[in-house]
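Structure first, then comments.
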Amino acid sequence: MTLFFPRLRVFLVILVVSQVSGLCSAQALIPARDPGRSVLLTGFAVAHPTQVIDIDDIALGFPRELARRLEQGQQFSVRSTPELLSFDWQLTPPTPKMLAQVAETYKTRYVISGDVRNAGIRIQPLVFGLWEKKIRALDVEIYVYDAQAGTLVERLKFTGNATGDVMVGKDYSFDSEAFRFTPFGKAIDDLIEQSAQEISTRLIVRP
């Protein structure tokens, strides 16, 4: 795995769970409500960092915007942290012990992590090869854990694509108007909205 260190824009950072709550850097988006409706969004892993070098930090931007949309529904107490849910550089399934530590440290029930699996571009020849069409895929997996129970409760897969001029541009802030105006930025925005609605629908009915 290629690692991007802090000065070069970190794609993956480690969630080192401290038992000293004062060291935690989670940001509360709304005041705490029912503890059973508390959600923590972590940073997302990126399977192929070179595929997203034209995007302004999708590893943090995607979960940050997902958190904002979950907040808008006013059904959950939402917090976010830039760290990855892992003790190492790999996005491996967390142990029940680790989830229990996260639940205690961040005072949350649900922990959401994710993985941007694919954002690659393929070329489709048209009219006997005289023209070509660029198609860019977007595949994201999102994992929802009940941290207090130490279990995975939802594993969700979302896919989308864009065609045409599919490069975004690092100068466009993630989820800005200019970002969403690009075909692939719009595809990302649609996928975030879809995932927020699906997560809300599934969690709201849980006891």
Looking at every heavy atom in both [X] and [Y], which two are closest together, and how far apart are they?
X: Val46; Y: Ala59; value: CG2-CB, 3.8 Å
X: Ile53; Y: Thr50; value: CG1-O, 3.6 Å
X: Tyr145; Y: Pro93; value: OH-CA, 4.2 Å
X: Pro96; Y: Gly150; value: CG-O, 3.8 Å
X: Ser38; Y: Lys107; value: OG-O, 3.9 Å

Side chains of [X] and [Y]: does their closest heavy-atom pair fall under 4.5 Å?
X: Phe62; Y: Phe174; result: yes
X: Ser200; Y: Leu70; result: yes
X: Ile199; Y: Leu66; result: yes
X: Thr182; Y: Asp165; result: no
X: Gln124; Y: Leu126; result: yes
X: Leu41; Y: Val78; result: yes
X: Leu60; Y: Phe44; result: no
X: Phe179; Y: Val168; result: yes

Ionic contact status for Arg64 with Asp57, cut-off 4.0 Å: no

Check Arg180 with Asp190, please: is the shortest side-chain N to carboxylate O separation under 4.0 Å? no

Lys/Arg cation over aromatic Phe184: Arg136, 6.0 Å, 45° cone: yes

Tell me every residue that passes side-chain contact (heavy atoms from CB on, under 4.5 Å) with Asn118, counting only those two or more places apart in sequence or in another chain. Gln51, Ala137, Asp139

From [atom1] ([X]) to [atom2] ([Y]), nearest 0.5 Å:
X: Asp146; Y: Gln148; atom1: CG; atom2: CD; answer: 6.0 Å
X: Phe181; Y: Tyr172; atom1: CZ; atom2: OH; answer: 9.0 Å
X: Ile192; Y: Arg68; atom1: CD1; atom2: CZ; answer: 9.0 Å
X: Lys133; Y: Thr163; atom1: NZ; atom2: OG1; answer: 6.0 Å
X: Ile142; Y: Ser195; atom1: CD1; atom2: OG; answer: 4.0 Å
X: Ile121; Y: Asp54; atom1: CD1; atom2: CG; answer: 7.0 Å

Treating Ile, Leu, Val, Met, Phe, Trp and Tyr as nodes and any side-chain heavy-atom pair under 4.5 angstrom as an edge, say whether [X] and [Y] lie in one connected cluster.
X: Val52; Y: Phe158; value: yes
X: Ile135; Y: Ile123; value: no
X: Met167; Y: Val116; value: no

So does [Y] get a backbone contact from the side chain of [X], meaning a donor-acceptor N/O pair under 3.5 Å?
X: Thr151; Y: Val153; answer: no
X: Ser176; Y: Ser173; answer: yes
X: Thr42; Y: Pro82; answer: no
X: Arg79; Y: Tyr106; answer: yes

Could you please spell out the steps behind the salt bridge (charged side-chain N to carboxylate O under 4.0 Å, His left out) verdict for Arg155 and Asp115? CA-CA 11 Å; Arg155 179 176 179 175; Asp115 192 1; over 6 Å; no

Might you confirm whether atom CD of Glu104 has over 12 heavy atoms from other residues, nucleotides or ligands at distances under 6.0 Å? no

Candidate pair Arg206 and Tyr110, rule side-chain hydrogen bond (donor to acceptor under 3.5 Å, both in side chains), full reasoning: CA-CA 11 Å; Arg206 291 186 60 82; Tyr110 296 110; 3.2 Å; yes

Salt bridge (Lys or Arg N to Asp or Glu O under 4.0 Å) against Lys134, all qualifying residues, sequence neighbours excluded: none

Thr159 vs Leu138, test: side-chain contact (heavy atoms from CB on, under 4.5 Å). Steps then yes/no. CA-CA 6 Å; Thr159 61; Leu138 179 61; over 6 Å; no

Could you give me the CA-CA distance, side-chain angles and deciding distance for Arg37 and Arg109, then say whether side-chain contact (heavy atoms from CB on, under 4.5 Å) is met? CA-CA 7 Å; Arg37 297 283 180 85; Arg109 178 180 178 184; over 6 Å; no

Run Glu198 and Gln194 through side-chain hydrogen bond (donor to acceptor under 3.5 Å, both in side chains) and show every step you take. CA-CA 6 Å; Glu198 185 67 19; Gln194 181 186 350; over 6 Å; no

Could you give me the CA-CA distance, side-chain angles and deciding distance for Leu40 and Val102, then say whether side-chain contact (heavy atoms from CB on, under 4.5 Å) is met? CA-CA 9 Å; Leu40 175 71; Val102 173; 3.9 Å; yes

